[in-house]
Amino acid sequence: MPRLNDQVRELLQEYADLINITGGDAFRARAYEKAARAVGGYPEDLADLDLKGLQQIPGVGKSTAAKIAEYLATGRIPALESLRARIPSGVREMMAVPSVGPKRALALYRDLGIASVDELAGAIRADRLSGVAGLGERSGEKILHGIELMRQSGGRTLLDVATELAEQLVAALSAVPGCTRCAYAGSLRRMRETVGDIDVLATADDSAPLMAALTELPYVAEVIGSGPTKTSVRTTQGIQVDLRVVPEEDWGAALVYFTGSKAHNIKLRTMAVRAGLKLSEYGLFEVDGTAKKAAKGTKAAKEAKSAAGTTGTTGAKKDGGADARTEGVKVVSETEDEVYAALGLPWIPPTLREDRGEIEAALNGELPDLIEESDLRGDLHTHTDLTDGLATLTEMIDTAAARGYSYYAVTDHAPDLVMQRMTAEKMLAQREELRGLADRHRKLRLLHGTELNIGPDGGVDWPPEFLAGFDVCVASVHSHFNLDRTAQTRRLIRACENPYVHIIGHLTTRRIGLRGPIDVDLDAVFEAAARTGTAIEINSSPQRLDLRDEDILRAKRHGVRFSIDSDAHATGHLAYPRFGIGTAQRGWLTTEDVINAWTWQKLKRFLRKDALQI
DNA sequence: GCCGTTTTCGGCCCGACTGTTTTCAGTCG
């Protein structure tokens, strides 16, 4: 079950969408949208607020507060339900398709009876759209492409949503009597940017109470299958959860197996076979004498055998039986450390387990010392309510201080993003205010920055003399996503060459499942970033995670430095870097690669890019 | 529906882009 604030945000957003679709007052719809965002980003739990407290939330007035209170009391909002009765849910879902908004969704439903994304795709393929609702052939192609983009990530869940659900599941299952261990595994443990389902692993002598507990959770909508070792369910959010229960002595092998990746496991199993062993989710086993002979002489075999000799006795006693799954003598199974050690390997962090060279690196003792969330000393890209953030300057700063940072940059939008209505005066007033807060938190150094807009020609807002007044400048692409590759590359290189630009924000501008990356020669941009001492951001927002892991690996080879930032627009978003850290780990980054893991003294030298070049 | 050191009424982020239109509607950031 999502956090109550998030539930209410979703309901208010739905209400706003339905007002838009039904042609209601656009300003009224916008008011609900604004309230939805404010509620989602509000630090206090709605359940703790009364009617008066609810109205303290910016953008929430009498009417919205009453609806929220009604929902808290009864679990229903009648006004929303009456709108739902008029518009099928699929019509609203069509609005998620790029280039389909409320007007088109309604027209498609009203004129053609199309009431779902699937039906929309079918209608375009059958050429039923042309000429209707002001949509021509090009629009059809565009919409179809958008649907395909959605489906690529389709059915996949964003990292933050999956993490929250998985943590709730683990907490609930861990509390079941008889459960001795419980953790989530799969692609979520590897921190892939999206996950297809959630794998939860638990140990217990008797699996039945755990299976029952899972199927009885309030947010489980459907039981797909249930047996003694595995139960699969679907949540009310439509996410599939697989629970597997194994004996406690098999924890390690099972965790390796269910964490994956598939390619990583295949490689481990191949190593095991060469060493005369067999690796499965039930453990690492000695197969027979002939296999061992065949493997004799290989490095892995020798190490595996010697490691096996030290740990092999305990497991063997228990598993002498003739079960085909556990045929042979069990060598190890209890911890991941043991399983890797038995194969002659150090433990490999889950975020590296993609068969991208981690096993070879492990064999050579060259695994990177990965950066961790606790290594971050600050956040260099955040917003306040001066532009499109939800929280005030002091609220953001107080939350940052509570995270234990030693420095923190406020980087509100610059004027070329016209809708933000920024001016030099407003920016200077904010700087004044920020400087006045310098002593508010003894250990937190406050930096005044901005997020500049990289224009189509690579220029940014404001002249050099004004830019020189900022402590830190992030520069990002917010428009002209469709420039050709040459122009796109040129503009980003020019931004890197700007002596006042320290960090390139969300470089590819992708939004997972919604918008693909811009067409750009990344290697050329990485080369320019490394040459000019410009950091590339790892934007930690779960909708972006930009750069993505594979591009981080490429950038690192060019000698690029990175900044792992939240791009927070609310106090709650300041926790996003955990996802950026996961992505950075998947890109093999260490603290040396990440400028905001550095001490202030070292970061300060990096930010002197302009002084060094002018 | 929300909000107020320009407003308790009358505004509300505003401009660009796209495809379709023959003068603009819809979508997006």
Side-chain angles (χ1 to χ4, degrees), chain A residues 11-13 15-39 54-70 77 79-80 83 92 94-108 110-111 124 129-146 149 383-390 412-423 426 429 451-456 461 476-483 505-506 509-511 514-516 518 539 541 543-544 546 567 569:
Chain A
L11 291 169
L12 293 176
Q13 182 62 51
Y15 193 58
D17 287 345
L18 291 175
I19 291 171
N20 272 323
I21 292 173
T22 53
D25 178 14
F27 290 115
R28 207 173 138 244
R30 192 179 292 172
Y32 279 111
E33 280 173 14
K34 197 177 162 200
R37 291 201 318 135
V39 164
L54 288 169
Q55 287 191 60
Q56 297 300 307
I57 303 173
V60 175
K62 210 170 143 189
S63 174
T64 308
K67 288 189 177 66
I68 296 173
E70 197 164 20
I77 303 178
L80 173 61
L83 277 182
R92 178 175 173 245
M94 289 196 288
M95 282 174 61
V97 177
S99 76
V100 179
K103 298 286 185 298
R104 282 179 186 158
L106 180 65
L108 290 165
R110 195 189 48 212
D111 298 347
I124 296 168
L129 239 62
S130 292
V132 183
L135 295 169
E137 198 181 334
R138 296 266 308 157
S139 300
E141 283 171 19
K142 219 173 141 183
I143 292 171
L144 207 52
H145 178 254
L149 200 68
H383 297 273
T384 74
D385 62 0
L386 182 61
T387 53
D388 57 351
L390 295 167
D412 272 314
H413 287 288
D416 289 358
L417 198 60
V418 183
M419 63 178 179
Q420 304 294 351
R421 297 179 127 190
M422 180 52 77
T423 63
K426 281 188 185 175
E451 182 182 12
L452 300 165
N453 305 287
I454 304 175
D461 326 53
S476 314
V477 168
H478 291 117
S479 63
H480 300 89
F481 302 116
N482 293 325
L483 294 183
H506 49 70
T509 76
R510 71 158 181 176
R511 306 205 55 166
L514 293 176
R515 183 174 67 206
I518 53 172
N539 189 293
S541 164
Q543 287 87 29
R544 291 189 185 269
D546 184 6
D567 194 359
H569 286 70

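Chain A is the first sequence line, chain B the second, and so forth, proteins listed ahead of strands; every chain is numbered from 1.
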Could you give the [atom1]-to-[atom2] distance, from [X] to [N], as a whole number of Å?
{"X": "Asp25(A)", "N": "dG11(B)", "atom1": "CG", "atom2": "P", "value": "14 Å"}
{"X": "Arg511(A)", "N": "dC28(B)", "atom1": "CZ", "atom2": "C1'", "value": "11 Å"}
{"X": "Asn20(A)", "N": "dG1(B)", "atom1": "CG", "atom2": "P", "value": "14 Å"}
{"X": "Asp17(A)", "N": "dC28(B)", "atom1": "CG", "atom2": "P", "value": "11 Å"}
{"X": "Leu12(A)", "N": "dG1(B)", "atom1": "CG", "atom2": "P", "value": "12 Å"}
{"X": "Asp385(A)", "N": "dC2(B)", "atom1": "CG", "atom2": "P", "value": "19 Å"}
{"X": "Lys34(A)", "N": "dC12(B)", "atom1": "NZ", "atom2": "P", "value": "13 Å"}
{"X": "His569(A)", "N": "dC13(B)", "atom1": "NE2", "atom2": "P", "value": "16 Å"}

Does a sphere of radius 6.0 Å around NZ in Lys67(A) hold more than 12 heavy atoms from other residues, nucleotides or ligands, not counting ones at 6.0 Å or beyond?
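Yes - once you tally the heavy atoms of other residues, nucleotides and ligands closer than 6.0 Å, there are more than 12.
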Presence of Thr64(A) side-chain N/O under 4.0 Å of dC2(B) phosphate oxygens OP1/OP2
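So the side chain of Thr64(A) is within the cut-off, an N or O lying under 4.0 Å from OP1 or OP2 of dC2(B).
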With a 4.0 Å limit, can you tell me whether Arg515(A) has a side-chain N or O closer than that to the phosphate oxygens OP1/OP2 of dG29(B)?
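Yes, within the criterion.
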Of the nucleotides [options], which has the atom closest to the [X] side chain?
{"X": "Arg138(A)", "options": "dG19(B), dG1(B), dG29(B)", "result": "dG19(B)"}
{"X": "Ser63(A)", "options": "dC2(B), dC12(B), dT18(B)", "result": "dC2(B)"}
{"X": "Ser139(A)", "options": "dG19(B), dC13(B), dG1(B)", "result": "dG19(B)"}
{"X": "His480(A)", "options": "dG19(B), dC17(B), dG1(B)", "result": "dC17(B)"}

Integer angstrom distance from the [atom1] of [N] to that of [M]:
{"N": "dC12(B)", "M": "dT7(B)", "atom1": "P", "answer": "15 Å"}
{"N": "dC13(B)", "M": "dG19(B)", "atom1": "P", "answer": "28 Å"}
{"N": "dT22(B)", "M": "dA16(B)", "atom1": "P", "answer": "24 Å"}
{"N": "dC2(B)", "M": "dT8(B)", "atom1": "C1'", "answer": "12 Å"}
{"N": "dG15(B)", "M": "dG4(B)", "atom1": "C1'", "answer": "26 Å"}
{"N": "dT20(B)", "M": "dG26(B)", "atom1": "P", "answer": "14 Å"}
{"N": "dT21(B)", "M": "dT27(B)", "atom1": "C1'", "answer": "16 Å"}

Just the atom pairs and distances: protein N or O near nucleotides 22-27 of chain B's N or O, under 3.5 Å.
residue	atom	partner	partner atom	Å
dT27(B)	OP1	Gly101(A)	N	2.5
dT27(B)	OP1	Gly101(A)	O	3.2
dT27(B)	OP1	Arg104(A)	N	3.1
dT27(B)	OP2	Lys103(A)	N	3.3
dT27(B)	O5'	Gly101(A)	N	3.4

Check: Arg515(A) side chain, Thr509(A) main-chain N or O, donor-acceptor pair, under 3.5 Å
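Present.
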Side-chain donor or acceptor of Thr22(A) paired with backbone N/O of Leu18(A) under 3.5 Å
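Side chain of Thr22(A) to backbone of Leu18(A): a pair is present.
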Mapping Phe27(A) and Ala35(A) onto DNA chain B by nearest heavy atom, which one lands closer to the 5' end?
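Its nearest nucleotide being more 5', the pick is Ala35(A).
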Judged by each residue's nearest nucleotide on DNA chain B, which is more toward the 5′ side, Val418(A) or Met95(A)?
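Final value for this comparison: Val418(A).
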Return the minimal non-hydrogen interatomic distance between [X] and [Y], and the atom names on each side.
{"X": "Met95(A)", "Y": "Ala105(A)", "result": "CG-CB, 4.1 Å"}
{"X": "Ala26(A)", "Y": "Asn20(A)", "result": "CA-OD1, 4.5 Å"}
{"X": "Val97(A)", "Y": "Gly146(A)", "result": "CG1-C, 4.4 Å"}

What contact category does [X] fall into here, base, sugar-phosphate, or nothing, at under 4.0 angstrom with non-hydrogen atoms?
{"X": "Asn482(A)", "result": "sugar-phosphate"}
{"X": "Tyr32(A)", "result": "sugar-phosphate"}
{"X": "Lys62(A)", "result": "sugar-phosphate"}
{"X": "Glu33(A)", "result": "nothing"}

Please check if any side-chain donor atom of Asp412(A) sits under 3.5 Å from a side-chain acceptor atom of Thr384(A), or the reverse.
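Short answer, yes.
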Could you tell me whether Arg510(A) and Asp546(A) have a side-chain N and a carboxylate O separated by less than 4.0 Å?
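So Arg510(A) does not pair with Asp546(A) through a salt bridge.
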Watson-Crick/G-U partner (both atom distances under 3.5 Å) of dG4(B)
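Its partner is dC9(B).
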Do the side chains of His569(A) and Arg37(A) get nearer than 4.5 Å, heavy atoms only?
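Answer no - side chains too far apart.
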